[in-house]
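Naming convention: chains lettered A, B, ... in sequence-line order (proteins, then strands); numbering from 1 in each chain.
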Amino acid sequence: MKPVRIVCILGPTGTGKTRAALSLGQSVEVVNFDSRQVYADFPIITAQPSSEELSCAPHHLYGFLACDQSMNAARMAELAADAIQEIHARGNLPVLVGGTGLYLRVLLEGIAPIPDIPEAVRRSVLERLQREGPQALHREVVRVDPAYAAVIHENDSQRNARALEVWLGTGRTLSDWHAEARPAFPLEAFKIGVRVDLDELTPRLAARIDEMLDMGALEEAREALAKCPDPKAPGWSGIGCAELLAHLRGEISLERARDIWERNTRAYAKRQLTWCRKERDLNGFEAGDFMGMAQAVGAWLKG
RNA sequence: GCCGAGGUAGCUCAGUUGGUAGAGCAGGGGACUGAAAAUCCCCGUGUCGGCAGUUCAAUUCUGUCCCUCGGCA
């Protein structure tokens, strides 16, 4: 099977990735690989494409998930793979846009076909985590899967819980499963990395938060709260959502919420930059160099 | 003006019964395979408000001055 060609645009939040995708040409269809822009209730706060941008080209996997539903890397990769095949069948160019490095990696390199873990197993592991702490789970992981235990820290509650629930739920270790990772179908990707200096990006991120508030971010959160009052729901854990929720519940002032939102956004952009530095085969472009990106993609498609 | 409470890391504050100090947050670096906008790891010298006194030794005790915040005038 001939590999399907796709373009991926990754980079930190607030660097014009959506606009870059649209500048690549008319036969482009945009596919989201951002873990937060999937939520239907937060189009403003998660910076989903504007209606103007949406009218420029077909967009996929934006704003389709309810606040109380969770997404994960494997599921997102599956959905993206389906979208890519449809777009390819139409003769258009799939352009993947997003900021969640893990989701892109899983799409391109595949993920192990681990079955769903029974709810009872999940719950009991989480209860143990709360009762005994991540270190207790880690000791167990050291016993059953020393190879994986060696690469995660004993304080890492999420990864220790995951390793243990997979072992208890499937009878196989996570290392064992990971060896089976493979992509859904052959892909050939041209990866565009948007380059920015964090110090230059910081004031732009702050300004963007003010824009979001002007566009009605607070009202958006208020409406979401009416639909989904559970503060622990997956959708509320996004940056901006969590801070506005705290304000709406009377825990902090709006000014304070804005401050924390700004800091968290910056810290997130920093983590994204760390991820991008490690990404292989990345073609770096300055933010806003749409012409350079379009030319490079054109040359790649011909070659 | 008087009476209290304070002035310690970029911020909020611990602390030292006298031996020059440490948390959280921020900041920097990193990890990352089914929660990833998540989760986690590493990195802490700062006239301990100024000056003087006591002392082998003061950020710590004493005096004084400056500043901030309350209350009373």
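- There is a side-chain donor-acceptor pair under 3.5 Å between A/S175 and A/D145.
- Nucleic acid contact for A/W275: base, since at least one base atom lies under 4.0 Å from a heavy atom of the residue.
- Taking a pair to require two hydrogen-bonding distances under 3.5 Å in either a Watson-Crick or a G-U wobble arrangement, B/A58 remains unpaired.
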Checking salt bridge (charged side-chain N to carboxylate O under 4.0 Å, His left out) for the pair A/K227/A/D68: CA distance, chi angles, key distance, verdict?
-> CA-CA 9 Å; A/K227 280 194 242 173; A/D68 61 349; over 6 Å; no
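- Heavy-atom nearest nucleotides on RNA chain B were determined for A/L198 and for A/I45, and the one closer to the 5' end corresponds to A/L198.
- The two residues A/L205 and A/R266 have their closest heavy-atom pair at CD1-CA, 4.1 Å.
- Look at CZ on A/R172: it is 14 Å from P on B/G34, rounded to the nearest Å.
- Within the 4.0 angstrom heavy-atom criterion, no nucleotide atom of any strand lies near A/A77.
- At the heavy-atom level, A/M76 lies nowhere under 4.0 Å from the strands shown.
- Between the P atoms of B/G50 and B/G10, the separation comes to 15 Å (whole Å).
- Nearest nucleotide to the A/N155 side chain, out of B/U33, B/A37, B/C40: B/C40.
- Nucleotides B/U59 and B/A52 have their P atoms positioned 11 Å apart, rounded to a whole Å.
- The nucleotide whose nearest atom lies closest to any side-chain atom of A/R162 is, among B/A38, B/A37, B/A35, B/A35.
- Within 4.0 Å of A/R182, counting heavy atoms only, lies no atom of the nucleic acid at all.
- A donor-acceptor contact closer than 3.5 angstrom links the side chains of A/N155 and A/Q135.
- Across all strands shown, A/P113 has heavy atoms under 4.0 Å from base atoms, whether or not it also approaches the sugar-phosphate.
- Side-chain N/O atoms of A/E255 and A/S253 include no donor and acceptor closer than 3.5 Å.
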Which pairs, protein N/O on one side and nucleotides 9-11 of chain B N/O on the other, fall under 3.5 Å?
none

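- Nucleotides B/A35 and B/U45 have their P atoms positioned 39 Å apart, rounded to a whole Å.
- Rounded to a whole Å, the CD atom of A/E279 is 13 Å from the C1' atom of B/U33.
- Between A/Y148 and A/H178, the ring-plane angle classifies as perpendicular under the 30° and 60° cut-offs.
- Note on A/N72: every side-chain N or O is 4.0 Å or more away from OP1 and OP2 of B/A36.
- Between the P atoms of B/C69 and B/A31, the separation comes to 47 Å (whole Å).
- Looking only at distances, a side-chain donor or acceptor of A/E243 sits under 3.5 Å from a matching main-chain atom of A/G240.
- Between the P atom of B/A38 and the CG atom of A/L126 lies a distance of 18 Å, rounded to the nearest Å.
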Evaluate the salt bridge (charged side-chain N to carboxylate O under 4.0 Å, His left out) criterion for residues A/R139 and A/E132: first the C-alpha distance (whole Å), next the side-chain angles of each, then the deciding distance (0.1 Å), finally the verdict.
-> CA-CA 11 Å; A/R139 283 193 289 276; A/E132 302 170 42; 5.9 Å; no
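- Atom CD of A/E165 and atom P of B/U33 are 14 Å apart (whole Å).
- Remark: A/R263, A/R266, A/Y268, A/K270, A/R271 in residues 253-272 of chain A come within less than 4.0 Å of RNA chain B through at least one heavy atom.
- Between B/G44 and B/G22, the distance separating the two P atoms is 10 Å to the nearest Å.
- The phosphate of B/C32 has neither OP1 nor OP2 within less than 4.0 Å of any side-chain N or O from A/K278.
- Counting any heavy atom pair closer than 4.0 Å across all strands shown, A/Y148 reaches sugar-phosphate atoms only and no base atom.
- When rounded to the nearest whole Å, the span between CG of A/L65 and C1' of B/A35 equals 13 Å.
- Base engagement by A/Q37 is indicated by at least one non-hydrogen atom pair under 4.0 Å involving a base atom.
- Distances were taken from every side-chain heavy atom of A/D34 (C-beta onward) to each of B/G30, B/A37, B/A35; the shortest belongs to B/A37.
- The separation of B/G63 from B/G4, taken at their P atoms, amounts to 12 Å, rounded to a whole angstrom.
- Side chain of A/Q37 to backbone of A/A47: a donor-acceptor contact under 3.5 angstrom is found.
- Here B/U33 presents its P atom at 16 Å from CG of A/D176, a figure rounded to the nearest Å.
- Side-chain atoms of A/K17 come within 3.5 Å of backbone N or O of A/G11 as a donor-acceptor pair.
- Among B/A37, B/A38, B/G34, the nucleotide with an atom closest to any side-chain atom of A/R159 is B/A38.
- When only modelled atom types and interatomic distance are considered, A/T13 and A/R208 share a side-chain donor-acceptor pair under 3.5 Å.
- Listed for the A/E219 side chain is no donor-acceptor partner under 3.5 Å among the backbone atoms of A/L213.
- In this structure a side-chain-to-backbone donor-acceptor pair under 3.5 Å is missing from A/E29 to A/L93.
- Contact of the A/F64 side chain with the A/M71 side chain is registered, since non-hydrogen atoms from C-beta on lie closer than 4.5 Å.
- Comparing the same atom, C1', in B/U68 and in B/C61 gives a spacing of 24 Å after rounding to whole Å.
- Rounded to whole Å, the separation between the C1' atoms of B/G46 and B/U20 comes to 11 Å.
- Residue A/S70 is out of contact with every strand shown, counting any heavy-atom pair closer than 4.0 Å.
- Residues of residues 98-110 of chain A that place a heavy atom closer than 4.0 Å to RNA chain B, in numerical order, are A/G99, A/T100, A/L102, A/Y103, A/G110.
- As rounded to whole Å, 11 Å separates atom P of B/A36 from atom CD1 of A/I111.
- Of the side-chain N and O atoms in A/T274, one or more sit less than 4.0 angstrom from OP1 or OP2 of B/G30.
- Within the cation-pi definition used here (under 6.0 Å to the ring centroid, within 45° of the axis), A/R5 qualifies as a partner of A/W300.
- Checking B/C40 for Watson-Crick or G-U wobble geometry (two distances, each under 3.5 Å) identifies B/G30 as its partner.
- Rounded to whole Å, atom P of B/G34 lies 6 Å from atom CD1 of A/I114.
- Listed pair A/H153 / B/C42 fails the phosphate criterion, with no side-chain N or O lying under 4.0 Å from OP1 or OP2.
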